[in-house]
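Take a look at the structure set out below.
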Amino acid sequence: MGRLDNKVAIITGAGSGMGKATAVLFAKEGAKVVIADIAVKAGRETVRIVKEGGGEAIFVNTNVSKAPEVKAMVKAAIDTYGKLDILVNCAGIARKEVSTVDCPEEMFNEIIATNLNGVWLGMKYGIPEMLKTGGGSIVNFASIAALEAYVGIPAYSASKGGVISLSRAAAIEYASKNIRVNCVAPGHIATPMLLDAWSQ
């Protein structure tokens, strides 16, 4: 018996890094996992790993900054597994270091759209499905950059700070409806995203 037997979980950004590790662990604990990522090859590789380990998984190509794609992601979970118990909003991006003044508007908006809006869209479309079955659990990924000051990542820091505040708001709103909303703020972990950002 696993701790997540009979649970259905969506994990965004599950093609690599912490999202991938989360998906593999959840599957080992018995969850049926929906692997959502913008990277098709990487997402399908995570599905392969899950199935090779005896778990159940599907891949949904998803850009979390796009509302129609997030809506389709949630629909795929319902159509395939019939419900949604867990939502892990892990998808995120980082770009090269640049000062607040020198940060291009396009870069700032792209980071906010993925890292913050993507979390909001996941909850916007995921929570209604959880309410239908009596509750659920949401885990949103922020960052230590939301809690401490770092030079050269103004948009990333702002996006992750927003995730913390958004998570608090949703937690208060839906606690009485049996939906838990938690937020984690990882430190420096050698994921492909972090290593790529540092190499720019």
Side-chain angles (χ1 to χ4, degrees), residues 3-4 7-14 17-23 25-26 29 31 33-34 36-38 62-67 69-71 73-74 77 83-95 100 103 107-189 191 193-194 197:
R3 290 179 291 176
L4 298 178
K7 300 294 185 182
V8 176
I10 292 175
I11 300 123
T12 70
M18 289 180 282
K20 179 178 182 179
T22 300
L25 178 60
F26 276 28
E29 289 292 342
V33 293
V34 176
D37 206 293
I38 197 170
T62 309
N63 181 338
V64 297
S65 71
K66 307 294 185 184
E69 295 191 26
V70 176
K71 189 174 182 179
M73 172 189 77
V74 174
K83 62 174 182 171
L84 176 61
D85 301 296
I86 304 165
L87 170 63
V88 180
N89 286 306
C90 186
I93 59 172
R95 294 293 183 252
T100 298
C103 182
M107 179 193 295
F108 192 94
N109 290 340
E110 178 193 23
I111 292 171
I112 294 294
T114 299
N115 296 359
L116 178 55
N117 295 4
V119 171
W120 168 64
L121 288 170
M123 294 195 293
K124 177 178 176 63
Y125 293 111
I127 286 173
E129 295 300 333
M130 292 179 175
L131 292 174
K132 292 177 183 178
T133 54
S137 177
I138 298 170
V139 180
N140 297 326
F141 273 67
S143 167
I144 192 173
L147 305 172
E148 298 181 1
Y150 288 88
V151 174
I153 53 170
Y156 187 83
S157 296
S159 70
K160 294 302 186 176
V163 168
I164 291 177
S165 294
L166 180 62
S167 299
R168 285 173 173 159
I172 291 295
E173 289 176 348
Y174 294 99
S176 64
K177 295 178 173 61
N178 198 36
I179 294 178
R180 300 187 313 278
V181 182
N182 289 289
C183 184
V184 295
H188 300 295
I189 298 174
T191 63
M193 183 189 77
L194 182 63

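FYI, side chains are in, hydrogens and waters are out, and symmetry mates aren't considered; it's all heavy atoms of this structure.
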Quick one: list whatever passes side-chain hydrogen bond (donor to acceptor under 3.5 Å, both in side chains) with Lys83, sequence neighbours left out. Asp85
With heavy-atom distances below 4.5 Å as the criterion, would you say the side chains of [X] and [Y] are in contact?
X      : Y      : value
Ile127 : Leu131 : yes
Ile112 : Asn117 : yes
Ile138 : Asn182 : no
Val64  : Leu121 : no

[X] to [Y] - nearest heavy-atom pair and separation:
X      : Y      : result
Ala91  : Thr12  : N-OG1, 3.0 Å
Gly135 : Ile179 : CA-CG1, 3.9 Å
Ser159 : Ile111 : OG-CG2, 3.9 Å

Output, in order, the C-alpha distance, side-chain angles, deciding distance and verdict of side-chain contact (heavy atoms from CB on, under 4.5 Å) for Leu166 and Leu116. CA-CA 9 Å; Leu166 180 62; Leu116 178 55; 4.1 Å; yes
Apply side chain to side chain contact (heavy atoms under 4.5 Å, CB included) to [X] and list each qualifying residue two or more places apart in sequence or on a separate chain.
X      : answer
Asp37  : Ala39, Phe59
Ser65  : Asn63, Ala113, Thr114
Arg168 : Ile164
Ala23  : Ile11, Ala14, Ile35, Thr46

Residues 143-154 side chain polar contacts: donor-acceptor under 3.5 Å, at least two apart:
| unit_1 | atom_1 | unit_2 | atom_2 | d |
| --- | --- | --- | --- | --- |
| Ser143 | OG | Ala145 | N | 2.9 |
| Glu148 | OE1 | Tyr150 | OH | 3.4 |
| Tyr150 | OH | His188 | NE2 | 3.4 |

Residue pairs passing the side-chain hydrogen bond (donor to acceptor under 3.5 Å, both in side chains) test with at least one member in residues 132-141, sequence neighbours excluded, are Asn89-Asn140, Glu129-Lys132, Ser137-Arg180, Asn140-Ser167
Run the side-chain contact (heavy atoms from CB on, under 4.5 Å) test on Ile93 and Asn115 for me, step by step, so that the C-alpha distance in whole Å, both residues' side-chain angles and the decisive distance to 0.1 Å come before the verdict. CA-CA 7 Å; Ile93 59 172; Asn115 296 359; 3.7 Å; yes
CE of Met130 to CG of Leu84: how many Å apart, nearest 0.5 Å? 4.0 Å
About how many Å separate CZ of Phe108 and CZ of Arg95, when rounded to the nearest 0.5 Å? 14.5 Å
Run the side-chain contact (heavy atoms from CB on, under 4.5 Å) test on Ile10 and Val74 for me, step by step, so that the C-alpha distance in whole Å, both residues' side-chain angles and the decisive distance to 0.1 Å come before the verdict. CA-CA 8 Å; Ile10 292 175; Val74 174; 4.2 Å; yes
Provide the full list of ring-ring contact (aromatic ring centres under 6.0 Å, His included) pairs with a residue in residues 120-149, sequence neighbours left out, each pair given once. none
Can we say Glu29 and Lys7 salt-bridge, meaning some charged N sits less than 4.0 Å from an Asp/Glu carboxylate O? no
Those residues that, when tested against Glu173, pass salt bridge (charged side-chain N to carboxylate O under 4.0 Å, His left out) (two or more places apart): none
